[in-house]
Structures are given as C-alpha cells and as structure tokens.
**Q** 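Here it is: the structure, laid out below.
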Amino acid sequence: VQLQASGGGLVQAGGSLRLSCAASGRTFSTYSMGWFRQAPGKEREFVAAISRSGGNTYYADSVKGRFTISRDNAKRTVTLQMISLKPEDTAVYYCAADRLSNFVGSSATVRPSTYDYWGQGTLVTVSS
C-alpha cells in the first residue's frame, strides 16, 4: 500500500488542523493505521492509532482529548483531527499502516517498527 499524507501547515497555538492520509490499493481495510510525528532532533513518536474497522482507537497521553483519529475504508483514508494545538505539537506527521495487528493499544502499537508502510510526512508548525 502507498500512503500520502496531507493537511499540514502553520497555525497559531490554540488553533486546529485536519490531517489526511490517502491510501492506494484495495486492501486498506485490512490494515490498522497509525499517526506518528517527529520533531527536529527528536525520535519519531507515536500519536494515535485506529484498528481495521475503526472500532478501536488509541492515543498518546500528550494528545488525548485534543486529537481524534478516524478512518473511512470506502474512501481509503485516515484522518487526524487536531484541536487546541500547542507549540510542542510542531513536527512532521507521518501516517503508517500495520498489516498484522487488528487491536490497537498494546505495546506494539506505539513502536514504529510495528508498521510496514509509511507516508512521506506533512509538516505541522504551531506558533506561540
């Protein structure tokens, strides 16, 4: 599967952004999906994940209550709605696909190595 992330940009603190990830291929519904981010000089970190059907979601503590992950299997897209953005949310955001896991929320969910396919990233900059 090929992934294309979009929707990044510059926003003031407290603002909102909506990231989208479009997938190619007819097997999108067989992948759990995740969002990760990487700030300059830092390691890639987990943000959110959603199971194949969308019935199970999982969030990093740092974004819980502010970010919402969702998916539309018919359109082969996964979305990350971000509100109340903070300067520390500034990073390149990546979507990723996991072939094997259905449940999200285990220790494997937050590991980048769990995911088989990655999009190219979209930059989110939050100004103070």
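Quick note: numbers below take in every heavy atom, side chains included, and nothing from hydrogens, waters or symmetry partners.
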**Q** Applying side chain to side chain contact (heavy atoms under 4.5 Å, CB included), can you list everything that pairs with V11, at least two apart in sequence or on another chain?
**A**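 Partners of V11 by the side chain to side chain contact (heavy atoms under 4.5 Å, CB included) criterion, ordered by chain and then number, come out as L17, L85, V126.
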**Q** Just jot down the salt bridge (charged side-chain N to carboxylate O under 4.0 Å, His left out) partners of D89, sequence neighbours excluded, or say none.
**A**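 Salt bridge (charged side-chain N to carboxylate O under 4.0 Å, His left out) list for D89, sorted by chain: R37, R66.
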**Q** Counting C-beta onward and ignoring hydrogens, is there a side-chain heavy-atom pair between S32 and R52 closer than 4.5 Å?
**A** yes
**Q** Restricting to non-hydrogen atoms, name the atom on T77 and the atom on A22 that form the minimum distance, rounded to 0.1 Å.
**A** CG2-CA, 4.3 Å
**Q** Do V92 and W118 sit in the same hydrophobic cluster, where Ile, Leu, Val, Met, Phe, Trp and Tyr count as joined when their side-chain heavy atoms come under 4.5 Å apart?
**A** yes
**Q** Hey, does Y115 have a side-chain heavy atom less than 4.5 Å from the side chain of M33?
**A** no
**Q** Show me the pairs that pass salt bridge (charged side-chain N to carboxylate O under 4.0 Å, His left out) and involve residues 5-25, at least two apart or across chains.
**A** none
**Q** Residues in side-chain hydrogen bond (donor to acceptor under 3.5 Å, both in side chains) with Q38, at least two apart?
**A** R44
**Q** Less than 4.5 Å apart, any side-chain heavy atom of S70 and any of Q81?
**A** no
**Q** Is V124 reachable from Y94 through a run of hydrophobic residues whose side-chain heavy atoms are each under 4.5 Å from the next?
**A**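 Looking at the clustering, V124 is in a separate group from Y94.
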**Q** Tell me which pairs pass salt bridge (charged side-chain N to carboxylate O under 4.0 Å, His left out) where either residue lies in residues 96-115, with sequence neighbours left out.
**A** R99-D116
**Q** Would a single hydrophobic cluster contain both L19 and L123, if residues Ile, Leu, Val, Met, Phe, Trp and Tyr are joined by side-chain heavy-atom contacts under 4.5 Å?
**A**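 The answer is no; the residues belong to distinct hydrophobic clusters.
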**Q** With a 4.5 Å heavy-atom cut-off, do V78 and I50 have their side chains touching?
**A** yes
**Q** Do T122 side-chain atoms and G8 backbone N/O form a donor-acceptor pair below 3.5 Å?
**A**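 Answer holds: yes.
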**Q** Could I get the full list of side chain to side chain contact (heavy atoms under 4.5 Å, CB included) partners for S127, not counting sequence neighbours?
**A** L10, Q12
**Q** When clusters are formed from ILVMFWY side-chain contacts under 4.5 Å, directly or step by step, what else is grouped with F103?
**A**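 Via sub-4.5 Å side-chain contacts, F103 links to none.
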**Q** Out of curiosity, K75 NZ to F28 CZ, how far, rounded to the nearest 0.5 Å?
**A** 12.5 Å
**Q** Any side-chain heavy-atom pair from T114 and S101 closer than 4.5 angstrom?
**A** yes
**Q** List for me each residue that meets ring-ring contact (aromatic ring centres under 6.0 Å, His included) alongside Y117, sequence neighbours excluded, and say none if there are none.
**A** Y31
**Q** What distance do R76 atom CZ and L3 atom CG have between them, rounded to the nearest 0.5 Å?
**A**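 So the gap between those two atoms works out to 11.5 Å.
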**Q** Indicate yes or no: at least one non-hydrogen side-chain atom of V47 is less than 4.5 angstrom from one of L80.
**A** yes
**Q** May I ask you to test the I69-Y59 pair for a side-chain heavy-atom distance under 4.5 Å?
**A** yes
**Q** If you group Ile, Leu, Val, Met, Phe, Trp and Tyr by side-chain heavy-atom gaps below 4.5 Å, do Y93 and V104 land in one group?
**A** no
**Q** Would you call N102 and S51 a side-chain contact if the rule is heavy atoms closer than 4.5 Å?
**A** yes
**Q** At their closest point, which heavy atom of A5 faces which heavy atom of C95, and how far apart are they?
**A**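 Heavy atoms of A5 and C95 come nearest at CB-SG, 4.1 Å.
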**Q** F46: which residues meet the ring-ring contact (aromatic ring centres under 6.0 Å, His included) condition with it, sequence neighbours left out?
**A** F36, Y58
**Q** G65 and I83: which non-hydrogen atoms are nearest, and at how many Å?
**A** O-CD1, 4.4 Å
**Q** Check side chain to side chain contact (heavy atoms under 4.5 Å, CB included) between K42 and all other residues, then give those that pass, not counting sequence neighbours.
**A** A39
**Q** Partners of Q2 by side chain to side chain contact (heavy atoms under 4.5 Å, CB included), sequence neighbours excluded?
**A**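 Side chain to side chain contact (heavy atoms under 4.5 Å, CB included) list for Q2, sorted by chain: S24.
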**Q** Going by the rule side-chain hydrogen bond (donor to acceptor under 3.5 Å, both in side chains), which residues pair with N73 if we only count those two or more places apart in sequence or in a different chain?
**A**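 By the side-chain hydrogen bond (donor to acceptor under 3.5 Å, both in side chains) rule, N73 matches R71.
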